[in-house]
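Any value given below was found using the heavy atoms of this structure, including those in side chains, with hydrogens, waters and symmetry copies removed. No experiment lies behind these values; they were computed from the predicted model shown.
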Amino acid sequence: MNTETLRDYCIGKPGATESFPFGGDALVFKVGGKMFALLATESQPTTINLKCDPERAVHLREEHNAVTPGYHMNKTHWNTITLNGHVRTADLQEWIDHSYELVRKSLSKAIQAELP
């Protein structure tokens, strides 16, 4: 999955927004004002940080060499995935979906009601 395809997938989530709050090399995707993904656009290979259930995060790190504790993030709740060709597109999309749903579920009911 290349950077543009990854961006399109993330921004395609209902209510998703994108911005560069940390500078031009960190594209952040949010839902309801909360981050669910951070795409490091200038890193080689590209990396993406995704929120993850803590138990699942550990399991994914053990199962995939490309998955490590979240770089500059809370390592209990975030993973960094290195897009080096070792992660299947279907897995990456599932992990993005999981991150998005975790964040969306954490939003107040009022904010959830405003989302598409």
Side-chain angles (χ1 to χ4, degrees):
M1 208 171 199
N2 66 35
T3 302
E4 208 43 47
T5 305
L6 193 56
R7 182 210 161 264
D8 290 344
Y9 190 80
C10 289
I11 199 65
K13 296 286 178 198
T17 61
E18 63 182 336
S19 64
F20 287 94
F22 307 118
D25 62 344
L27 179 55
V28 172
F29 297 93
K30 295 180 179 181
V31 61
K34 290 188 166 190
M35 182 168 55
F36 70 91
L38 184 149
L39 180 61
T41 59
E42 300 299 319
S43 67
Q44 291 300 320
T46 302
T47 61
I48 187 168
N49 288 2
L50 298 171
K51 192 161 185 129
C52 192
D53 171 77
E55 287 183 31
R56 186 176 186 189
V58 171
H59 174 73
L60 291 175
R61 293 171 197 164
E62 291 171 351
E63 191 174 304
H64 301 275
N65 288 337
V67 180
T68 57
Y71 181 69
H72 284 298
M73 306 293 274
N74 180 323
K75 291 166 181 19
T76 301
H77 297 280
W78 289 85
N79 279 335
T80 296
I81 297 92
T82 302
L83 306 178
N84 56 9
H86 294 244
V87 175
R88 296 176 336 147
T89 297
D91 288 337
L92 186 55
Q93 289 174 334
E94 178 187 335
W95 301 340
I96 292 168
D97 295 346
H98 175 70
S99 179
Y100 172 85
E101 287 302 324
L102 281 175
V103 173
R104 186 176 171 132
K105 287 178 185 176
S106 75
L107 300 173
S108 72
K109 292 192 188 305
I111 293 173
Q112 287 181 20
E114 294 175 7
L115 296 174

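Residues in residues 39-61 take part in no ring-ring contact (aromatic ring centres under 6.0 Å, His included) pair, two or more places apart or across chains. Annotation: ring-ring contact (aromatic ring centres under 6.0 Å, His included) contacts involving residues 92-116, sequence neighbours excluded, comprise Phe36-Tyr100, His64-Trp95. Listed by first and then second residue, the salt bridge (charged side-chain N to carboxylate O under 4.0 Å, His left out) pairs that reach into residues 62-87 come to none, sequence neighbours excluded.
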Show me the donor-acceptor pairs within less than 3.5 Å that the side chains of residues 14-24 make with the rest of the protein, sequence neighbours left out.
unit_1 : atom_1 : unit_2 : atom_2 : d
Glu18  : OE1    : Arg7   : NE     : 3.0
Glu18  : OE2    : Arg7   : NE     : 3.4
Glu18  : OE2    : Arg7   : NH2    : 2.6

Sequence neighbours left out, cut at 3.5 Å: what donor-acceptor pairs do the side chains of residues 48-55 make with other protein atoms?
unit_1 : atom_1 : unit_2 : atom_2 : d
Asn49  : OD1    : Thr80  : OG1    : 2.6
Asn49  : ND2    : Tyr71  : O      : 3.1
Asp53  : OD2    : Glu55  : N      : 3.3
Asp53  : OD2    : Arg56  : N      : 3.2

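Every residue was checked against the side chain to side chain donor-acceptor pair (under 3.5 Å) condition with Lys30, not counting sequence neighbours, and none meets it. When the side chain to side chain contact (heavy atoms under 4.5 Å, CB included) test is applied to Lys34, the partners found at least two apart in sequence or on another chain are Val103, Ser106, Leu107. Looking at residues two or more places apart in sequence or on another chain, you find a side chain to side chain donor-acceptor pair (under 3.5 Å) between Asp97 and Tyr9, Lys13. Every side chain to side chain contact (heavy atoms under 4.5 Å, CB included) that Asp8 has, sequence neighbours left out, goes to Glu4. When the side chain to side chain contact (heavy atoms under 4.5 Å, CB included) test is applied to Ser43, the partners found at least two apart in sequence or on another chain are Ala40, Thr47. Asn65 meets the side chain to side chain contact (heavy atoms under 4.5 Å, CB included) test with no other residue; sequence neighbours excluded.
Shortest non-hydrogen contact noted between Asp25 and Glu42 is CB-CG, 3.3 Å. Counting all heavy atoms, side chain and backbone alike, Val87 lies closest to Thr82 at CG2-O, 4.3 Å. Considering every non-hydrogen atom in both Ala57 and Asn79, the closest pair reads CA-ND2, 3.5 Å.
Both Leu6 and Phe29 sit in one connected hydrophobic cluster of ILVMFWY residues. Membership requires side-chain heavy atoms under 4.5 Å apart, directly or through other members.
In this structure, the side chains of Thr41 and Thr46 stay at 4.5 Å or more apart for every pair of heavy atoms. Residues Leu39 and Thr3 are in side-chain contact: their nearest non-hydrogen atoms beyond the backbone lie under 4.5 Å apart.
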